[in-house]
Amino acid sequence: MPLTARDVADLVQGQLTGNPGELVSGVAGIRDARPGDISFVANPKYLASLATSKASVVLVAKDCPEQPHRTLIRVDNPSVAFSKIVQQIVPPPVTFAPGIHPTAVVAPSAKLGTGVSIQPNAVIEDGSIIGDRSVIGAGGYVGVGSQVGSDCLLYARVVIRERTRVGDRVILHPGVVLGADGFGFENIRGERQKIPQVGTVEIGDDVEIGANSCVDRGRFGTTCVGRGTKIDNLVQIGHNCVIGDHCVICAGTGIAGSVIVGNYVTMAGQVGVVGHLTIGDRAVIGAQSGVAHDVPAGAVVVGTPAVPHMEYKRSVVAVNKLPSLINKLRSIERGLSR
């Protein structure tokens, strides 16, 4: 059902300027919006698009400049407010009815909680436990002796290998693999021979892992992902890593084995971390950085090899000056030769 701008302002407790009767029935980005859509501007870089956007209503920060002839709603956090409106306008998320699909295979010794949904062609192996109201998506696999907590959502083709433990309210997107063997080989007489990977994986409560990401089992012991951590698509976490609570690990990041990551750490896209390092609490690692040394708590590092961000900025400035410095040096050399 369409909402008026006044309805939206009341829902998000925002300050309305413009036409309170403006109707919205869809949601879109500020550049793609059409008449009838509501959008938002949370990043100042998109303020320029506000003047040309076709959105009927836009959520903006409280300090946003005035925009004549636009219907704006000023809020503390436009992104959070927009998410709240999305839930009111777009269709509700897909839900899965409790029960076991006829094509699913559930071992007799597996234990299923109340309200569990096992989707087509899923396989639940011996001794595994699925908590109350959890969903195992189509083609999913839960290995021998593994445990999935309550209120979890495992989308299609998620693989949880043997003896893996998953906490409550965990979301695993399609293609996630938990508990595959760690990448361990020894060079024996010129040949690569596999090192047995006999550990396991533990995923804390409220973790979300993006599509086609992998968390490898420990060589011995446990690979851990802490409570509330959010992992993007195409992320690789090596064997025996310990990832702290409430971390953010963005797409394309690769973390080699036995790395210890503190709490509230942020790793931007395509970060690479060498094995056996320690990343301190609340550290931030910039995109495409190569981390070859321990990172202290609270540090912000960038580059390959990763260095403190101010040092990195100075080096970039210096490199950009190299062409002019080379020209000056050549001019001096010509003068000396004369």
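Values reported hereafter were calculated over all heavy atoms of this structure, with side chains retained and with hydrogens, waters and symmetry mates removed. Every value quoted in this text rests on a predicted model; they were computed, and no experiment measured them.
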Strictly distance-based, threshold 3.5 Å: is any side-chain N or O of [X] a donor or acceptor partner for the main-chain N or O of [Y]?
| X | Y | answer |
| --- | --- | --- |
| Ser134 | Asp151 | yes |
| Asp7 | Thr4 | yes |
| Ser39 | Ile30 | yes |
| Ser83 | Ser79 | yes |
| Arg192 | Gly184 | no |
| Asn240 | Thr223 | no |
| Asn233 | Ala251 | no |
| Asn187 | Gly190 | yes |
| Thr229 | Cys247 | yes |
| Thr71 | Pro20 | no |

Any side-chain heavy atom of [X] within less than 4.5 Å of one from [Y]?
| X | Y | result |
| --- | --- | --- |
| Ile260 | Ile279 | no |
| Val300 | His309 | yes |
| Leu47 | Cys64 | yes |
| Gln67 | Leu50 | yes |
| Leu112 | Val106 | yes |
| Met267 | Ile255 | yes |

Should [X] and [Y] be counted in the same cluster of Ile, Leu, Val, Met, Phe, Trp and Tyr side chains packed under 4.5 Å apart?
| X | Y | result |
| --- | --- | --- |
| Val159 | Ile130 | no |
| Val265 | Val259 | yes |
| Val307 | Val301 | no |
| Ile171 | Ile209 | no |
| Val144 | Val166 | no |

Spacing of [X] atom [atom1] and [Y] atom [atom2] [to the nearest 0.5 Å]:
| X | Y | atom1 | atom2 | value |
| --- | --- | --- | --- | --- |
| Ile203 | Leu172 | CD1 | CG | 7.5 Å |
| Asn19 | His69 | CG | NE2 | 13.0 Å |
| Ser49 | Arg31 | OG | CZ | 4.5 Å |
| Arg330 | Leu325 | CZ | CG | 12.0 Å |
| Arg34 | Ser53 | CZ | OG | 12.0 Å |
| Asp132 | Thr114 | CG | OG1 | 3.5 Å |

[X] to [Y] - nearest heavy-atom pair and separation:
| X | Y | answer |
| --- | --- | --- |
| Val302 | Ser289 | CA-OG, 3.4 Å |
| Val158 | His173 | CG2-O, 3.4 Å |
| Ala51 | Arg70 | O-NH1, 4.1 Å |
| Val142 | Ser128 | CG1-CB, 3.8 Å |
| Pro78 | Val60 | CG-C, 3.5 Å |
| Ser117 | Phe96 | OG-CB, 3.5 Å |

*asked:* Walk me through whether Leu277 and Val295 qualify under side-chain contact (heavy atoms from CB on, under 4.5 Å).
replied: CA-CA 8 Å; Leu277 299 185; Val295 178; over 6 Å; no
*side-chain contact (heavy atoms from CB on, under 4.5 Å) with Val215: which of Ile243, Val177, Ile237?*
Ile237
*Taking Leu3 as the fixed residue, which of Leu11, Leu23, Ile38, Val57 is the one that meets the side-chain contact (heavy atoms from CB on, under 4.5 Å) rule?*
Leu11
Can you find a side-chain donor-acceptor pair between [X] and [Y] that sits under 3.5 Å?
| X | Y | answer |
| --- | --- | --- |
| Gln193 | Glu186 | no |
| Gln236 | Asp216 | yes |
| Thr17 | Gln15 | no |

*Is it the case that Arg282 places NZ or CZ above or below the six-membered ring of Tyr264, under 6.0 angstrom from the centre and within 45 degrees of the axis?*
yes
_Looking at Lys45, I want to see if its NZ is surrounded by more than 12 non-hydrogen atoms of other residues, nucleotides or ligands under 6.0 Å._
no
*Identify the residue among Gln197, Arg217, Arg219 that makes a side-chain hydrogen bond (donor to acceptor under 3.5 Å, both in side chains) with His239.*
Gln197
*asked:* Using a strict threshold of under 4.0 Å (side-chain N to carboxylate O), is an ion pair present between Glu66 and Arg74?
replied: yes
*Give the C-alpha distance, both sets of side-chain angles, the deciding distance and a yes or no for side-chain contact (heavy atoms from CB on, under 4.5 Å) between Leu59 and Leu72.*
CA-CA 6 Å; Leu59 298 163; Leu72 303 179; over 6 Å; no
*Please step through salt bridge (Lys or Arg N to Asp or Glu O under 4.0 Å) for the pair Asp205 and Arg227, ending with a clear verdict.*
CA-CA 5 Å; Asp205 296 342; Arg227 178 171 57 90; over 6 Å; no
*Evaluate the criterion side-chain contact (heavy atoms from CB on, under 4.5 Å) for residue pair Ile124 and Ile136; output intermediate values, then yes/no.*
CA-CA 9 Å; Ile124 313 298; Ile136 308 300; 4.1 Å; yes
_Residue pairs passing the side-chain hydrogen bond (donor to acceptor under 3.5 Å, both in side chains) test where at least one lies in residues 152-170, sequence neighbours excluded_ = Gln147-Arg165, Arg161-Asp181, Arg169-Asp206
_Test side-chain contact (heavy atoms from CB on, under 4.5 Å) applied to Val8 and Val24, step by step_ = CA-CA 9 Å; Val8 173; Val24 293; 4.1 Å; yes
